[in-house]
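Have a look at the structure below before the remarks.
Small disclaimer: the values here were computed from a predicted structure and weren't measured. Sequence lines set the chain letters: A, B, ... in the order given, protein chains first and strands last, and positions in each chain run from 1.
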2 protein chains.
Amino acid sequence: MTDNTPVECCERVTVHPEVVEQVRRNMPDEDTLYHLTELFHVFGDSTRMRILYVLFASEMCVCDIATLLGMTQSAISHQLRLLKSMRLVKARREGKTVFYALADDHVKTIINQGLDHVNE
Amino acid sequence: MTDNTPVECCERVTVHPEVVEQVRRNMPDEDTLYHLTELFHVFGDSTRMRILYVLFASEMCVCDIATLLGMTQSAISHQLRLLKSMRLVKARREGKTVFYALADDHVKTIINQGLDHVNE
DNA sequence: ATAACATATGAACAAATATTCATATGAGCA
DNA sequence: TGCTCATATGAATATTTGTTCATATGTTAT
């Protein structure tokens, strides 16, 4: 009870202050962890993942993506907006249609890394 | 209207059949995409991300992790179960306490890859 | 200006999931 | 055996978030 401000949770007799302190010092800042989580979060939805994977092949208009994935234009558009806000895709307008493409090679790299892990 | 089974969504006059067909052929199988999404999904939560990051430094008991993150033992335990089921962490019992550690280096690799991207 | 079409978007709804609460399990010790 | 502590877990709750629906915006052509 006299050790470093234990949180209300359990008795905390077993807390190892040295380890806790050492780890606390090496934690990356809140911001970095937040952005990191946010990044992975975007890849953690099957609709968004499929959109990104589809764009591996070529840029594509919203309508084509929707057709390909068998989903409504609206659903795809909402997700594209999120992907764009995360700078994972970019948009190019050509007349009435808007073509989306992967923003850069980071996306491919990250997804391929994940694939490596999934394929053991 | 005579092209390949357009989905109810919009008029679909702009659909590009060649592109759609080409992409459709190169899509990875459902299973792979599912597992891939599931993997990223685990990293897409700040509690789990922080748990994993904490374990970068050393193995740690549930109580210490809860103290470190300022969360209840129960919340941490639930997340650890999920992480364990995904084989991202492993558990080792020593008397009353259970120590958790990263299952292998894949976890570090994936997270570091993400960090690279976040840090531009 | 009006019509037609591709895309974007706000609000409502539905589904998924993280956390809490109460309690069970399991281990060490008197 | 009975007690204490660390962890696990089921059920309820609260929150987040993906999709739908209706409609707005922006572009081209007549």
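For A:Lys90 and C:dT7, the NZ to P distance is 18 Å, given to the nearest whole Å. The distance between atom CD1 of A:Ile51 and atom P of C:dT7, rounded to the nearest whole Å, is 13 Å. Computed from coordinates, the B:Leu80 CG to C:dT19 C1' distance equals 14 Å when rounded to whole Å. Across the protein-nucleic acid pair, A:Gln73 atom CD and C:dT9 atom C1' stand 10 Å apart, rounded to whole Å. C:dA18 atom P lies 10 Å from atom CG of B:Leu83, rounded to whole Å. Rounded to an integer number of Å, the gap from A:Arg92 CZ to D:dG26 P is 20 Å. C:dT17 atom C1' lies 15 Å from atom CE of B:Met86, rounded to whole Å. One can place CZ of A:Arg81 at 15 Å from P of D:dT25, the figure rounded to the nearest angstrom.
Here A:Arg50 pairs with nothing under the side-chain hydrogen bond (donor to acceptor under 3.5 Å, both in side chains) rule; sequence neighbours left out. Scanning for side-chain hydrogen bond (donor to acceptor under 3.5 Å, both in side chains) contacts around B:Glu38 gives an empty result, with sequence neighbours left out. Looking at residues two or more places apart in sequence or on another chain, you find no side-chain hydrogen bond (donor to acceptor under 3.5 Å, both in side chains) involving B:Glu30. Every residue meeting the side-chain hydrogen bond (donor to acceptor under 3.5 Å, both in side chains) condition with B:Thr32, not counting sequence neighbours, appears here in chain and number order: B:Asp29. Legend: residues meeting side-chain contact (heavy atoms from CB on, under 4.5 Å) with A:Ser58, ordered by chain and number and at least two apart, are A:Met60, B:Val19. The side-chain contact (heavy atoms from CB on, under 4.5 Å) test applied to A:His117 returns B:Leu39, B:Leu88, B:His106, B:Ile110, not counting sequence neighbours.
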Scan nucleotides 24-30 of chain C against the protein and return all N/O pairs shorter than 3.5 Å with their distances rounded to 0.1 Å.
none

For nucleotides 16-21 of chain D, give me every protein contact, N/O to N/O, under 3.5 Å, one pair per line with atom names.
unit_1: D:dT17; atom_1: OP1; unit_2: A:His41; atom_2: NE2; d: 3.4
unit_1: D:dG18; atom_1: OP1; unit_2: A:Arg48; atom_2: NH1; d: 3.3
unit_1: D:dG18; atom_1: OP1; unit_2: A:Arg48; atom_2: NH2; d: 3.1
unit_1: D:dG18; atom_1: OP2; unit_2: A:Arg48; atom_2: NH1; d: 3.1
unit_1: D:dT19; atom_1: OP1; unit_2: A:Thr47; atom_2: OG1; d: 2.8
unit_1: D:dT19; atom_1: OP2; unit_2: A:Gln79; atom_2: NE2; d: 3.0
unit_1: D:dT20; atom_1: OP2; unit_2: A:Thr72; atom_2: OG1; d: 3.2
unit_1: D:dT20; atom_1: O4; unit_2: A:His78; atom_2: NE2; d: 3.1
unit_1: D:dC21; atom_1: N4; unit_2: A:Ser74; atom_2: OG; d: 2.7

**Study point:** Derivation of the side chain to side chain contact (heavy atoms under 4.5 Å, CB included) call for B:Asp45 and B:Gln79
**Key:** CA-CA 10 Å; B:Asp45 171 83; B:Gln79 297 295 6; 4.2 Å; yes
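No side-chain heavy atom of A:Val98 sits less than 4.5 Å from a side-chain heavy atom of A:Arg92.
Looking at heavy-atom distances under 4.0 Å, B:Phe99 makes no contact with the nucleic acid at all.
Among pairs with a residue in residues 56-95 of chain A, those fulfilling ring pair (Phe, Tyr, Trp, His ring centres under 6.0 Å) read A:Tyr53-A:Phe56, at least two apart in sequence or across chains.
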